[in-house]
Protein chains: 2
Amino acid sequence: MNYIAPVKYSATQEIILDTAEHLFATQGIHATTLRAITSTAKVNLAAVNYHFGSKKQLIQAVLLRRMTPLNNERHRQLNAIIQTARDENRRTTVAEILHAFIEPTLHFSQKNMAHKDFMSIVSTLMMNPHNEFRSLFVSIMKPLIDQLFAALKAALPTIPSTTLQMRLQFTLGTLTFAMREIDIPISAQQQQPASDIETLIDETVSFVSAGMEPL
Amino acid sequence: MNYIAPVKYSATQEIILDTAEHLFATQGIHATTLRAITSTAKVNLAAVNYHFGSKKQLIQAVLLRRMTPLNNERHRQLNAIIQTARDENRRTTVAEILHAFIEPTLHFSQKNMAHKDFMSIVSTLMMNPHNEFRSLFVSIMKPLIDQLFAALKAALPTIPSTTLQMRLQFTLGTLTFAMREIDIPISAQQQQPASDIETLIDETVSFVSAGMEPL
DNA sequence: AAACAATTTAAACGCTTGTTTGAAGTATGT
DNA sequence: ACATACTTCAAACAAGCGTTTAAATTGTTT
């Protein structure tokens, strides 16, 4: 359930997708030209239009290629902890729920440079309410966010929905910052401590878990 | 101290700045053309180059015009609570410090549509590590962030700097989401509760205050 | 009222953009 | 080996971009 099979691409298509992904992340989607993509990928200028139809469709392909497996994994983990709690005849905890969403996200973003680039694109998109491709992104995320909210509501039945929705938005904001090195530089900061993934995951989960239940 | 005087603009310049601000926020900086700005503002196409020199300099002017008074106010509030605590011979609390930063930010962003647009641009910029204008933005923010970090470090002396830096980044992420209606839509959500500013400020401060000291 | 400076205007500039074209090349199946 | 489909290629296309120009207009000073 909720599983979506990935799409297969030819070698040329994958080179284009990889190159576009990297340039979108580092230069921005709008600022990246087809000439920049094709010359970097060492393919002909017309290759993008031939293989993907248009620049717009290329962007969508870049997004869907990685979004699908990531969301599959997030769904898998959420279902897993819900099932485990049911088996053990108890409620899921807030930290469990948030971990099931945050762990795949941060693990995914730290897997390699390509994944880091991809998450960079995604977070930029999340921050751009009026972006042309945001509706695509939102439609992909919606079922997952709904499931996440329902799980949190069940774990924290006394908190009003309005408040809980707000805190979930804050959580997404925290996660967006966590999954990149956006770092407004801090003077005291010595050249990026570069903590490992597990520490980052733990810190993020405990930060938002505490925020979910203040006082 | 830390106060920077605002720049004066002519009527034509202000119309251009207002229009550019709105279009930058709703369409993105790169996607907004000078022709779109000047035709919407009902001024001649050449007016931007005449009054600001170039599109690049116009963007900088849009940023600086509002950033300066906002940061003046943030500095004022931070200095105020530090002075008050000193007068009362006690440490500043974490919630006080975060409130002094968050309150002016959210109040500013909710003042009117123009301010909302501006904060939309700023948050997009914060999320774009490789954006051309990020360095300008960071240089403006740096003294403030440093002061904020120093205050937090003094209030939470037992927390390692590395951890504290991470939590400050999370806080900025939360605030970035709070100051806009970015809202990944949640199904249970009934057409935006639209809570008032004071509630939003309180919720944000308590969320990040809790996150600063988990357990 | 005349002279000067500041601003606005319409038109054009060179350049880059995404896309399309038709020929050349390559792979596949019989 | 040939016919057929697929892919690559260089070249060109119209459209849109930021910027510049020089004349017309407006505002200010003397």
Side-chain angles (χ1 to χ4, degrees), chain A residues 7-65 121 124-125 128 130-136, chain B residues 7-65 121 124-125 128 130-136:
Chain A
V7 181
K8 280 277 175 195
Y9 290 109
S10 72
T12 307
Q13 285 175 315
E14 292 220 314
I15 294 172
I16 292 172
L17 287 169
D18 290 344
T19 309
E21 182 174 64
H22 179 65
L23 291 176
F24 288 164
T26 51
Q27 331 252 33
I29 291 179
H30 256 106
T32 302
T33 66
L34 292 188
R35 282 168 178 79
I37 295 171
T38 52
S39 68
T40 306
K42 292 184 172 61
V43 298
N44 188 270
L45 170 60
V48 168
N49 290 296
Y50 176 77
H51 284 286
F52 295 94
S54 65
K55 185 186 181 184
K56 197 180 216 169
Q57 288 171 276
L58 170 64
I59 296 167
Q60 294 187 0
V62 167
L63 290 177
L64 284 173
R65 179 172 67 144
I121 299 170
T124 303
L125 223 56
N128 250 325
H130 301 281
N131 187 294
E132 181 179 5
F133 301 99
R134 203 185 129 83
S135 57
L136 169 68
Chain B
V7 181
K8 280 278 175 198
Y9 290 109
S10 71
T12 308
Q13 285 174 316
E14 291 219 317
I15 294 172
I16 292 173
L17 287 169
D18 289 344
T19 310
E21 183 174 63
H22 180 66
L23 292 177
F24 288 164
T26 50
Q27 331 253 28
I29 291 180
H30 256 106
T32 302
T33 67
L34 292 188
R35 281 166 179 81
I37 295 171
T38 52
S39 69
T40 306
K42 292 184 172 60
V43 299
N44 189 271
L45 170 60
V48 169
N49 293 85
Y50 177 77
H51 284 286
F52 296 94
S54 66
K55 185 185 180 185
K56 196 179 214 169
Q57 288 171 276
L58 169 64
I59 296 167
Q60 294 187 1
V62 166
L63 290 178
L64 284 173
R65 180 173 66 143
I121 299 171
T124 303
L125 223 57
N128 250 325
H130 301 281
N131 187 293
E132 183 180 3
F133 301 99
R134 203 185 129 84
S135 58
L136 170 68

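Letters A, B, ... mirror the listed sequences (proteins, then strands); counts begin at 1.
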Indicate yes or no: at least one non-hydrogen side-chain atom of [X] is less than 4.5 angstrom from one of [Y].
{"X": "Ile16(A)", "Y": "Tyr9(A)", "value": "no"}
{"X": "Glu21(A)", "Y": "Ile121(A)", "value": "yes"}
{"X": "Arg65(B)", "Y": "Asp18(B)", "value": "yes"}
{"X": "Asn44(A)", "Y": "Thr38(A)", "value": "no"}

Practice item. Hey, could you give me the OG1/CG distance between Thr33(B) and Leu45(B), rounded to the nearest 0.5 Å? Key: 9.0 Å
Practice item. Please round to the nearest 0.5 Å and tell me the distance separating atom OG1 of Thr32(B) and atom CD1 of Ile59(B). Key: 8.5 Å
Rounding to an integer number of Å, can you tell me how far [X] [atom1] sits from [N] [atom2]?
{"X": "Leu45(B)", "N": "dG18(D)", "atom1": "CG", "atom2": "P", "value": "8 Å"}
{"X": "Leu23(A)", "N": "dG18(C)", "atom1": "CG", "atom2": "P", "value": "12 Å"}
{"X": "Tyr50(A)", "N": "dG22(C)", "atom1": "OH", "atom2": "P", "value": "16 Å"}
{"X": "Ile59(B)", "N": "dG18(D)", "atom1": "CD1", "atom2": "P", "value": "9 Å"}
{"X": "Leu34(B)", "N": "dA12(C)", "atom1": "CG", "atom2": "C1'", "value": "16 Å"}
{"X": "Leu58(B)", "N": "dT19(D)", "atom1": "CG", "atom2": "C1'", "value": "14 Å"}
{"X": "Gln57(B)", "N": "dT19(D)", "atom1": "CD", "atom2": "C1'", "value": "12 Å"}
{"X": "Phe52(B)", "N": "dA6(C)", "atom1": "CZ", "atom2": "P", "value": "17 Å"}

Revision key, fill the gap. The residue, His30(B) or Lys42(A), whose nearest nucleotide of DNA chain D is more 5′ is Lys42(A)
Point to revise | Flag, side chain of Gln13(A) to backbone of Ser10(A), donor-acceptor distance under 3.5 Å | key: yes
Exercise for review: Please state whether the base of dG16(D) and the side chain of Arg35(B) form at least one donor-acceptor pair under 3.5 Å?
Suggested key: no
Among [options], the nucleotide that comes nearest once only the side chain of [X] is considered:
{"X": "Asn49(A)", "options": "dT17(C), dT20(C), dC9(D)", "result": "dT20(C)"}
{"X": "Ser54(A)", "options": "dC6(D), dC17(D), dT19(C)", "result": "dT19(C)"}
{"X": "Ala46(A)", "options": "dT8(D), dT20(D), dT20(C)", "result": "dT20(C)"}

**Study point:** Near-strand residues of residues 8-17 of chain A, defined as heavy-atom separation under 4.0 angstrom from DNA chain C
**Key:** none
**Study point:** Distance test, side-chain N/O of His51(B) to OP1/OP2 of dA6(C), below 4.0 Å
**Key:** no
Review point. Within the structure shown, what part of the strands sits under 4.0 Å from Ala47(B) by heavy-atom distance: base, sugar-phosphate, or nothing?
Key: nothing
